[in-house]
Trainee: 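Once you've had a glance at the structure underneath, I'll fire off some questions.
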There are 4 protein chains.
Amino acid sequence: MATKRRVSRLSPERRRADIMTAAREVFSEKGFNEAVMSEIAERAGVVEGSIYRYFKNKRDLLFCVSESWFEEMISTDEPTLAAVTGTWNRLRFIIHRHLMAIKTHPDLSRLVFQHLRPDPEYRKTKLFALNKAYTNRVVELVREGVENGEIRPDVSPSLVRDMIFGAIEHRTWAYLRNEGGYDPDTLADQLTDLVSFGLRKKDQTDEIARAVEMLEGAIARLQPAAGAS
Amino acid sequence: MATKRRVSRLSPERRRADIMTAAREVFSEKGFNEAVMSEIAERAGVVEGSIYRYFKNKRDLLFCVSESWFEEMISTDEPTLAAVTGTWNRLRFIIHRHLMAIKTHPDLSRLVFQHLRPDPEYRKTKLFALNKAYTNRVVELVREGVENGEIRPDVSPSLVRDMIFGAIEHRTWAYLRNEGGYDPDTLADQLTDLVSFGLRKKDQTDEIARAVEMLEGAIARLQPAAGAS
Amino acid sequence: MATKRRVSRLSPERRRADIMTAAREVFSEKGFNEAVMSEIAERAGVVEGSIYRYFKNKRDLLFCVSESWFEEMISTDEPTLAAVTGTWNRLRFIIHRHLMAIKTHPDLSRLVFQHLRPDPEYRKTKLFALNKAYTNRVVELVREGVENGEIRPDVSPSLVRDMIFGAIEHRTWAYLRNEGGYDPDTLADQLTDLVSFGLRKKDQTDEIARAVEMLEGAIARLQPAAGAS
Amino acid sequence: MATKRRVSRLSPERRRADIMTAAREVFSEKGFNEAVMSEIAERAGVVEGSIYRYFKNKRDLLFCVSESWFEEMISTDEPTLAAVTGTWNRLRFIIHRHLMAIKTHPDLSRLVFQHLRPDPEYRKTKLFALNKAYTNRVVELVREGVENGEIRPDVSPSLVRDMIFGAIEHRTWAYLRNEGGYDPDTLADQLTDLVSFGLRKKDQTDEIARAVEMLEGAIARLQPAAGAS
DNA sequence: AATGAATGAGGATTCATTCAT
DNA sequence: AATGAATGAATCCTCATTCAT
């Protein structure tokens, strides 16, 4: 009627990005089931129906949001990881980054663990591929370690991967339920140590090796600061 | 009207058990959200309302079902575990049993992982306590191993626990999504080995020599930066 | 089994009284719909089924509770009212008592107004009879007042009754919704005065003269219309 | 499946009006608790869910229905009331209209008395405001009467209001329970008389005044008919 | 491309009342 | 007389998705 129709026509990319930003917020705040499409639409400044032009459905939207988060993480990590040398340093770095990612985005982490990964179609999704790329850094690390003789050749690289990410996930569940925190630095050290040396008590040589290992870690942590000066 | 009121009066214990059995079936087959109370009631041979005399609500019912499953597992394991001697044997036994439990009851496992553990109230539930008892066997094992000198004293027992159950869980997600199986025997062996020996190659004299060299170089490089501050 | 069944066997009268006391509490606290039989049973120290030995159903229970309240009120008022002399004093007394009753038992009052009086069967209930007796004191008072010449003979006693109790009820709705109080003394005075003297200013000779003039004019204007029909 | 999705898109105003019309019918026929949303939806030619786009919930719907009824009454009365002159005529008019409203819409009246007015939130509702406007006409009338000397200045206008509407309500409860009728004309006369003159027997002047008053009423009732010819 | 009204399936839960024990 | 387990009907509301405009 007399009411003017204010149709803001943004570029599709921008529109899509707005929706994803809004969705990430709402999913993070409310969780998947409690998040409602109309609120996402409202925050994105679009109408409910418009979301369906860009995303197949609510689940698809969640997948896309999570994918973009993974892509962010991977692209952030990549350059830094490239600068870290030494098998054990790199391993600790990956562990530390993952602990940080969960600490910074517990809500998104929980969404992935609870709603995406259990999805029967999960394996066919892009998120699965991204996650694979993300976790495969450990697999490759192990392979390289085997090649250069630092890692014994009879371990399953994928089992190492599952062990590391499984341990982290298990360890952080309390935090994901908002029940207390954890210190990524300490935990990364402990976990790296445990994975690399195992439980068994060993002879002297190993003790020395471990001491060296700790020194290496300390230096690695100092290097960026020193380089920045 | 013409409907006869057939009131069968069973012992409360029996009635409760019937409902739980039916619920376990339906939850396993359908998952939590898709399970409907009326079907559980029907299979249990009761009327919907009767379920609510024994269980507060659907979620409570799921918790109770899961608890009884855990109790079963714990009471089944206990005598056998008591008969297994040797730290590493016992560790392998626990790992193997857990792998078997998931393999035998993937649906219940998924329910716990997906619906119960993420519950904000989880920590206050009996299921949490049971799960703690269940996983604590690893913690105790580590402590004993430390005491008798088989395990090095500087590992965090709870981190070992998280590592083991995390690794198992991560490893079995594909199976939980019905995407292929795994061999509990092999996997238990691999995991026990990995946890106990770690990744490192045993003889590392050369490695150490090289590492020491690197450290010396690194320290030399750091000294100017430290001096500049 | 080994559990001893503690069946306390009280006199039926006592049992009935306990239930009514509990019911009055629960109804008062929760209102009719929100009151649940199991809570009444619990507070009365009986089992749900037992209530139905003494009362036909929930509604019947509410009626009985209300009846006993009315009986209390009537028997409390009676002796005092007998001691009050003079039509206007007695009228004021009745009004004041009713205002006090509502002030003391707003919850019971609301139950009667909201759930009992609108009942299609209300007129057949004992509560109706009691209420009639309760309010009829006004009717009788008016009749007596007419007889002794204090009240003009052309008023409908029942209309006076409805006016008084209606006015009180209307006036107290805010209080019944827990929205503020009222002062029974002042209000009783005002109401008695208003009912007895009405709205009109006393000396109206001039008014009458003016009215008569208007009437003459009106009739003059009407005559043509009447003639036209 | 094979069900065709027939989407009829009406103007929101029309749709809302349809729902309210249907709701008024169903609420009137069944009462609040017995009215079911699905029947309202069906009669309105919409789907249940659609009702919730226009009304927050069942209670809100009832409030809106009642509000529209009040608005109708007020807007119907207004022009006629403006045409009626003289304090006592106007008073009788208001009383008469209210008696007629209840007589015409006993079911809606009962809904208001039983479900809306007792609502703890009632005072915050639009219905309360409307009702206040509706009944305030009496308050204003009294104030005007005091100003022009027809009404004694020491009465509480709001008490007069409560007395009138309370009396009407009390008087009509039997009818609201479907137990017999009443004659609005007679009752309006009686009530006006009682309110204006009170109970007390007075001297001759008042008798004359009353006779004049009755004549005025008779003429007032004749005027519309005469004017319409 | 955008709108946003309409769809419509879907299910947990409550609780007064009964009646076998 | 007392118990209390069993009954089972009954319904409001949500919200992802569609599609006419």
Side-chain angles (χ1 to χ4, degrees), chain A residues 5-12 15 33-41 46-59 61, chain B residues 3-12 15-16 33-41 45-59 61, chain C residues 5-12 15 33-41 46-59 61, chain D residues 3-12 15-16 33-41 45-59 61:
Chain A
R5 194 74 154 289
R6 192 108 289 280
V7 177
S8 60
R9 183 170 287 249
L10 267 52
S11 73
R15 196 48 67 106
N33 287 318
E34 282 62 38
V36 298
M37 294 300 269
S38 57
E39 188 176 355
I40 294 173
V46 301
V47 134
E48 290 167 82
S50 297
I51 297 179
Y52 290 86
R53 175 161 300 278
Y54 297 97
F55 303 93
K56 223 176 81 220
N57 54 34
K58 191 183 180 183
R59 176 157 290 271
L61 180 55
Chain B
T3 48
K4 40 187 123 184
R5 188 125 167 213
R6 195 99 298 281
V7 179
S8 62
R9 183 169 281 237
L10 267 53
S11 76
R15 189 64 71 164
R16 198 183 149 90
N33 287 318
E34 283 62 38
V36 295
M37 295 301 269
S38 58
E39 186 175 357
I40 295 173
V46 299
V47 133
E48 281 185 64
S50 294
I51 298 179
Y52 291 86
R53 172 166 294 277
Y54 297 96
F55 303 94
K56 224 175 80 224
N57 53 35
K58 192 181 176 183
R59 175 156 290 270
L61 180 54
Chain C
R5 195 73 155 289
R6 191 108 291 282
V7 177
S8 60
R9 183 169 287 250
L10 267 53
S11 75
R15 197 43 71 107
N33 287 317
E34 282 62 38
V36 298
M37 295 300 270
S38 57
E39 187 176 356
I40 294 173
V46 301
V47 131
E48 291 166 81
S50 297
I51 298 179
Y52 291 86
R53 175 161 301 279
Y54 297 98
F55 303 92
K56 221 176 80 217
N57 54 32
K58 190 181 179 184
R59 176 156 292 271
L61 179 54
Chain D
T3 49
K4 40 188 123 186
R5 188 123 167 219
R6 195 97 297 281
V7 179
S8 63
R9 184 170 280 239
L10 266 53
S11 77
R15 189 65 70 161
R16 197 184 150 90
N33 288 318
E34 282 63 38
V36 295
M37 295 301 270
S38 58
E39 186 174 357
I40 295 173
V46 299
V47 134
E48 277 186 67
S50 294
I51 298 178
Y52 292 87
R53 171 167 295 277
Y54 297 96
F55 303 94
K56 224 174 77 223
N57 51 36
K58 192 181 177 184
R59 175 157 289 269
L61 180 54

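Keep in mind that this is a model prediction, so the values were computed, not measured. These values consider heavy atoms only, across backbone and side chains, with no hydrogens, waters or symmetry-generated copies.
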Trainee: Of the nucleotides F:dG8, E:dG8, F:dT3, which one has an atom closest to the side chain of C:Val46?
Mentor: F:dT3
Trainee: Let me know the distance between CD of A:Glu39 and C1' of F:dT14, rounded to the nearest Å.
Mentor: 15 Å
Trainee: Base, sugar-phosphate or nothing for B:Val36? Non-hydrogen atoms, less than 4.0 Å.
Mentor: sugar-phosphate
Trainee: If I compare all heavy atoms of D:Arg16 with all of D:Tyr54, which pair ends up nearest, and what's the gap?
Mentor: NH1-O, 3.2 Å
Trainee: Need to verify one output field. Residue with the more 5' nearest nucleotide on DNA chain F, D:Ala35 or B:Ser50?
Mentor: B:Ser50
Trainee: Using atom CD1 of B:Ile40 as one end and atom P of E:dT13 as the other, report the distance to the nearest whole Å.
Mentor: 11 Å
Trainee: Expressed in angstrom and rounded to an integer, what is the separation of A:Ile51 atom CD1 from F:dA16 atom P?
Mentor: 9 Å
Trainee: Minimum heavy-atom separation for C:Val47 to C:Ala41, with atom names?
Mentor: C-CB, 3.9 Å
Trainee: Round to a whole Å and report the spacing from CE of A:Met37 to C1' of E:dA5.
Mentor: 17 Å
Trainee: Atom CD of D:Glu48 and atom CE of D:Met37: how far apart are they, to the nearest 0.5 Å?
Mentor: 7.5 Å
Trainee: For F:dA6, does either OP1 or OP2 sit under 4.0 Å from a side-chain N or O belonging to B:Arg15?
Mentor: yes
Trainee: Measure from NZ on C:Lys58 to C1' on E:dT14 and round the result to the nearest Å.
Mentor: 11 Å
Trainee: Could you let me know what F:dC15 is paired to, Watson-Crick or G-U wobble, both distances under 3.5 Å, or none if it's on its own?
Mentor: E:dG8
Trainee: I need the minimum non-hydrogen distance between D:Asn33 and D:Lys58, along with the two atoms involved.
Mentor: O-NZ, 3.6 Å
Trainee: Considering every strand and a 4.0 Å limit on heavy-atom distances, what is the contact class for D:Tyr54: base, sugar-phosphate, or nothing?
Mentor: sugar-phosphate
Trainee: Work out which heavy atom in C:Asn57 is nearest to a heavy atom in C:Tyr52; give both atom names and the distance.
Mentor: CA-CE2, 3.9 Å
Trainee: Within this structure, what is the CG-to-P distance between A:Asn57 and F:dT18, rounded to whole angstrom?
Mentor: 8 Å
Trainee: By nearest nucleotide on DNA chain E, pick out whichever of B:Ser38 and A:Arg53 is the more 5' one.
Mentor: A:Arg53
Trainee: To the nearest Å, give me how far apart CD (C:Glu34) and P (E:dC15) are.
Mentor: 9 Å
Trainee: Measure from CD on B:Glu48 to P on E:dG11 and round the result to the nearest Å.
Mentor: 11 Å
Trainee: Reckon D:Tyr52 has a side-chain N or O less than 4.0 Å from the OP1 or OP2 of E:dG8?
Mentor: no
Trainee: With DNA chain F as reference, determine whether B:Val47 or D:Lys56 sits nearer its 5' end, using the nearest nucleotide of each.
Mentor: B:Val47
Trainee: Check every strand shown and say whether A:Ala41 touches a base, only sugar-phosphate, or nothing at a heavy-atom separation below 4.0 Å.
Mentor: nothing
Trainee: Both distances under 3.5 Å, Watson-Crick or G-U wobble: report the partner of E:dT14, or none.
Mentor: F:dA9
